[in-house]
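What follows is a single structure, written as structure tokens, with notes after it.
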Amino acid sequence: MEVSYILDGLNDFQRQAVAAPSGSYLILAGAGSGKTRVLVNRIAWLIQTQNISPYSILAVTFTNKAAAEMRTRIESMLAMPVRGMWIGTFHGIANRLLRSHWQEAKLPQNFQILDADDQLRLIKRVIISLELDEKKWPARAAMYFINSHKDQGLRPGNIEDYGDIYIKTNLDIYKSYEQACQRGGMVDFGEMLLRAHELWLNNSTLLKHYQNRFSNLLVDEFQDTNTIQYAWIRLLAGANDNIMVVGDDDQSIYGWRGAKIENIQLFGSDFSNSETIRLEQNYRSSGNILQAANELIAHNPGRLGKQLWTDSDDGEPIKLYAGYNEIDESRYIVSCIKEWSDQGNPFKEAAILYRSNAQSRVLEEALLRLKIPYRIYGGQRFFERAEIRTVLAYMRLISNRGSDAAFERIVNTPTRGIGDKTVQNIRQLARHRDVSMWQASISLVDSTQLTNRSRNAIDVFIQLINSLDELTKNCDLSELCEIVIAQTGLQSYYEKEKGERGQARLENLKELVTATKTFDPEQIVSFDPLNDGTNGSETAETQTLLDDFLSHAALEAGEGQGDLSQDCVQMMTLHSAKGLEFPLVFLSGLEDGLFPHQMSMQEPGRLEEERRLCYVGITRAMKKLVLTYAESRRINGSETFNRVSRFIEEIPRELIEEVRLRGNVIQPPSGLKPFKKNILAGNIEGTGLTLGQTVMHNKFGEGVVVNYEGEGKQARIQVNFKGEGSKWLMLAYANLQPL
DNA sequence: AAGATAGTCGTTTTT
DNA sequence: CGACTATCTT
């Protein structure tokens with residue numbers, strides 16, 4: 001068969017990876033070095049030339065989107081659908097395993113997946129039931145405690161408290177939470193991975209079966225795997241040692257979520273005969289941009305070492321703009337985009353990146369002013385919206401009365417006279433008798449414990465759910481969804497909600513109905529033929545469509561993105577920009593305290609991760625890169641003065657062209673205070689000092705001039721000192737030395 | 001039980 | 001500043 005097309009157009013190293021004989025490989029793939037291409041072609045190569053059945057391939061990706069894209073690309077390359085191959089996220093794959101082997105995993109067949117929101121609610125309730133002070137033991141912190149230990153594969157029994165009250169209390173919460181989950185048949189994200197791991201650890205037949213079946217493993221974004229994911233994949237690889245992992249230690253930006261770059265080193269020592277292949281040729285960015293990225297990341301110690309290079313020209317210098325505040329900064333960015341568009345380029349080729357979501361607002365306003373279309377990525381996802389979750393909770397309770405999480409969510413939504421106190425009663429009884437809240441409420445209706453009023457209210461609710469269940473017995477998913485929306489009163493509830501909000505919610509409900517209509521579980525999971533000819537231990541249980549849909553909603557919260565069909569400027573956080581590329585990129589808010597973020601500046605390890613984040617940002621740019629910062633910025637309502645980001649200082653000066661157009665192109669906003677005149681001019685008269693200039697003070701050391709007011713003897717100057725923060729000084733006595 | 005108002009606290013995000 | 005919560009009022 002003619003297979004050269006699989007290798008055509010690849011460079012030597014890419015080809016080496018794609019056509020490697022079986023074994024274990026670590027592909028260190030720099031930004032823009034064609035790593036997805038390598039993975040796709042590798043799989044195509046295995047199937048097409050090595051006679052490997054798709055059935056024996058398992059590929060893990062970081063997001064559902066990446067999994068879908070990879071499958072599409074492989075299928076279009078091979079010009080045929082690839083059945084039997086598993087491509088998905090760790091969680092998606094774990095879910096699938098647990099659904100097939102729910103008995104071995106000691107789970108109910110229709111176990112419920114808790115997303116972060118469900119989990120937090122449940123933990124809150126656990127804390128209350130342990131009679132702990134919520135102020136002293138915030139649910140968020142407990143959730144972090146639980147999740148980070150699960151990420152490391154640690155159950156309560158594996159954690160030592162050393163008499164530490166903090167650990168001890170959180171451990172109690174963890175234990176109690178675990179019981180609540182088990183009782184309710186609920187599994188959070190971390191738990192899915194733990195269970196999938198334990199499933200194999202405790203069941204060698206099953207493990208052998210999967211080791212036999214998946215003799216070809218591939219893992220993308222390997223630098224983002226956590227401890228339990230690594231352990232799971234190591235276990236599966238078994239003695240086959242036939243695995244290819246692809247990653248880039250310089251793009252590891254999820255350490256705060258448990259990802260361990262160390263897994264890359266571990267791979268080398270753990271898979272003893274592993275080979276490392278470096279992909280260092282960058283096909284994305286022009287020379288200047290790439291060099292800036294290289295120089296920046298070189299400031300990180302302990303890298304595995306990669307030097308990206310490119311064939312392309314130096315290209316344009318990187319632009320640097322200092323706005324005097326965030327509004328000025330935004331207007332500069334928008335004026336650049338206007339210019340870009342006037343030159344005949346589409347908006348969608350421009351991306352504005354920022355460190356935190358809060359920064360998007362000012363940018364939005366600036367874009368709106370010039371009527372430039374934009375799209376903000378990230379933010380709230382479809383299945384995370386309150387109204388959607390509410391409808392899903394109804395659907396869940398109809399299918400499974402035991403779901404306390406669903407019960408709590410909807411028992412009084414829309415309001416039907418069941419208040420806090422009544423719910424507390426139900427909860428108490430449920431706990432006391434160790435039954436579900438649903439059963440507890442039935443008992444309460446029959447008892448005399450409650451006032452007539454609340455008893456009636458509960459009864460109405462019970463009847464509602466029962467009648468809905470009856471009514472929808474033979475309905476398909478979308479009919480069920482429509483009936484729920486209409487009969488529960490949610491429709492009229494949101495109709496009454498004032499403002500645009502209610503309208504938006506109704507729109508979302510309509511969209512949910514559409515989603516149920518088009519939902520096709522085969523697309524998500526791509527079911528295998530049942531018998532694989534080994535020992536038939538994969539018993540693909542028949543899940544109800546509803547359960548599939550609910551799992552889907554939890555696992556894939558719904559891309560808040562997509563729609564590149566419209567020509568919009570792309571706006572997103574640096575984190576969500578990973579894996580994407582744009583001809584024109586703006587990195588905004590490059591200020592110490594914002595980026596690197598205040599909370600990450602003290603600890604070296606975290607600062608390095610911020611630097612990698614900056615590296616990711618720079619390497620998104622193909623042709624043009626514009627860096628901006630603001631000398632003053634309103635954060636949380638109060639004005640702050642930050643010094644320019646240290647990351648800018650780590651980029652060689654000669655690659656950067658400073659843009660100076662203060663008081664020229666950009667008009668200052670109205671309502672200027674008098675001293676801002678000075679800012680517009682930049683120079684502070686009669687001092688030889690300039691705003692933004694670095695100066696030295698005898699006592700406070702190095703700092704940046706950020707503001708100025710008054711004249712002559714009264715003149716005061718504001719300087720933001722390294723370490724000391726910002727101070728107002730009398731200019732006459734300050735004795736500042738320009739640096 | 002539900003609505004109104006005062007108080008708190010601010011990363012990043014996928015599963 | 002503004003989203004979210006805790007507490008107070010009806």
Side-chain angles (χ1 to χ4, degrees), chain A residues 60-67 88-95 113-120 124 134-135 138-140 144 147 150-151 187-193 196 221 224-226 228-229 252-259 326 353-362 365 377-381 383-384 386 411-424 451 453-454 457 498 551-561 572-579 589 593-601 606 609-610 612-614 616-617 633-640:
Chain A
V60 192
T61 59
F62 188 59
T63 64
N64 290 303
K65 196 178 154 209
T89 60
F90 279 105
H91 294 88
I93 290 165
N95 179 47
I113 300 168
L114 294 182
D115 64 20
D117 195 70
D118 297 325
Q119 191 189 15
L120 189 67
K124 227 174 225 164
E134 283 178 275
K135 289 252 165 59
R140 287 218 154 274
Y144 174 78
N147 288 344
K150 284 193 176 187
D151 284 347
V187 171
D188 63 42
F189 289 127
E191 185 72 24
M192 297 178 74
L193 302 175
E221 305 281 13
D224 290 323
T225 53
N226 63 31
I228 188 72
Q229 288 165 341
S252 162
I253 54 176
Y254 286 102
W256 50 276
R257 216 170 73 186
E326 76 277 16
L353 311 182
Y354 35 80
R355 176 65 236 263
S356 62
N357 282 310
Q359 288 167 252
S360 68
R361 199 182 217 96
V362 200
E365 280 164 19
Y377 283 66
Q380 231 204 356
R381 266 153 272 276
F383 286 112
E384 280 168 8
V411 67
N412 199 33
T413 312
T415 50
R416 49 175 72 87
I418 302 172
D420 260 3
K421 230 177 142 217
T422 313
V423 176
Q424 256 174 39
T451 61
R453 210 171 91 175
S454 24
K498 49 188 180 278
S551 302
H552 167 67
L555 283 174
E556 188 170 356
E559 308 279 315
Q561 17 207 10
M572 68 197 82
T573 62
L574 286 146
H575 281 90
S576 20
K578 192 165 82 156
L594 234 205
F595 187 30
H597 197 274
Q598 194 71 52
M599 320 225 53
S600 307
M601 269 167 48
R606 301 183 69 181
E609 183 157 309
E610 296 275 315
R612 292 193 291 269
L613 192 54
C614 188
V616 167
R633 178 182 298 272
R634 201 162 259 284
I635 298 178
N636 303 336
S638 61
E639 204 161 17
T640 56

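The structure presented is a predicted model; accordingly, all values stated were derived computationally and were not measured. Chain identifiers are assigned alphabetically (A, B, ...) following the order of the sequence lines, protein sequences preceding nucleic acid strands; residue numbering begins at 1 within each chain.
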Whole-Å distance between [N] [atom2] and [X] [atom1]?
X	N	atom1	atom2	answer
A:Arg612	B:dT12	CZ	P	18 Å
A:Ile635	C:dG2	CD1	C1'	15 Å
A:Met192	B:dT15	CE	C1'	8 Å
A:Arg140	B:dT8	CZ	C1'	14 Å
A:Ile418	B:dA2	CD1	P	9 Å
A:Glu134	B:dC9	CD	P	14 Å
A:Ile93	B:dT14	CD1	C1'	15 Å
A:Asn147	B:dT13	CG	P	17 Å

Between [options], which nucleotide gets closest to the side-chain atoms of [X]?
X	options	value
A:Arg453	B:dA2, B:dA1, B:dT15	B:dA1
A:Lys135	B:dT15, B:dT13, C:dA6	C:dA6
A:Ala116	B:dT13, B:dT12, B:dT15	B:dT15
A:Arg381	C:dC1, B:dT15, B:dT14	B:dT14
A:Thr63	B:dT13, B:dA2, B:dT15	B:dT15
A:Tyr254	B:dT13, B:dT12, B:dA1	B:dT13
A:Thr422	B:dT12, B:dT14, B:dA1	B:dA1
A:Asn412	B:dT15, B:dA2, B:dA1	B:dA2
A:Arg361	B:dT13, B:dA1, C:dA3	C:dA3

Could you check A:Gly417 against A:His575 and say which one's nearest nucleotide on DNA chain B is further toward the 5' end? A:Gly417
5' priority, DNA chain B, between A:Gly637 and A:Ser454 [closest heavy atom]: A:Ser454
Which of A:Leu353, A:Leu594, A:Thr573 passes side chain to side chain contact (heavy atoms under 4.5 Å, CB included) with A:Gln359? It is A:Leu594
Within the structure, does a side-chain N or O atom of [X] lie under 4.0 Å from either OP1 or OP2 of [N]?
X	N	value
A:Ser576	B:dT12	no
A:Ser638	C:dC1	no
A:Thr89	B:dT14	no

When rounded to the nearest Å, what value does the distance between P atoms of B:dT13 and C:dC4 take? 16 Å
Using atom P of each nucleotide, how far apart are C:dT5 and B:dT12 to the nearest Å? 16 Å
Output yes when a side-chain donor or acceptor of [X] lies under 3.5 Å from a complementary backbone atom of [Y], and no otherwise.
X	Y	value
A:His575	A:Ile253	yes
A:Asp117	A:Glu384	no
A:Arg355	A:Leu574	no

Tell me what [X] touches on the nucleic acid: a base, only sugar-phosphate, or nothing, going by heavy atoms under 4.0 Å.
X	value
A:Glu610	base
A:Phe62	sugar-phosphate
A:Asn357	sugar-phosphate

How are the rings of A:Phe62 and A:Tyr254 set to each other: parallel, tilted or perpendicular (split at 30° and 60°)? tilted
N-O pairing of A:Arg634 and A:Glu326 below 4.0 Å: no
In terms of side-chain geometry, is the basic nitrogen of A:Asp115 or A:Arg381 positioned less than 4.0 Å from the acidic oxygen of its partner? no
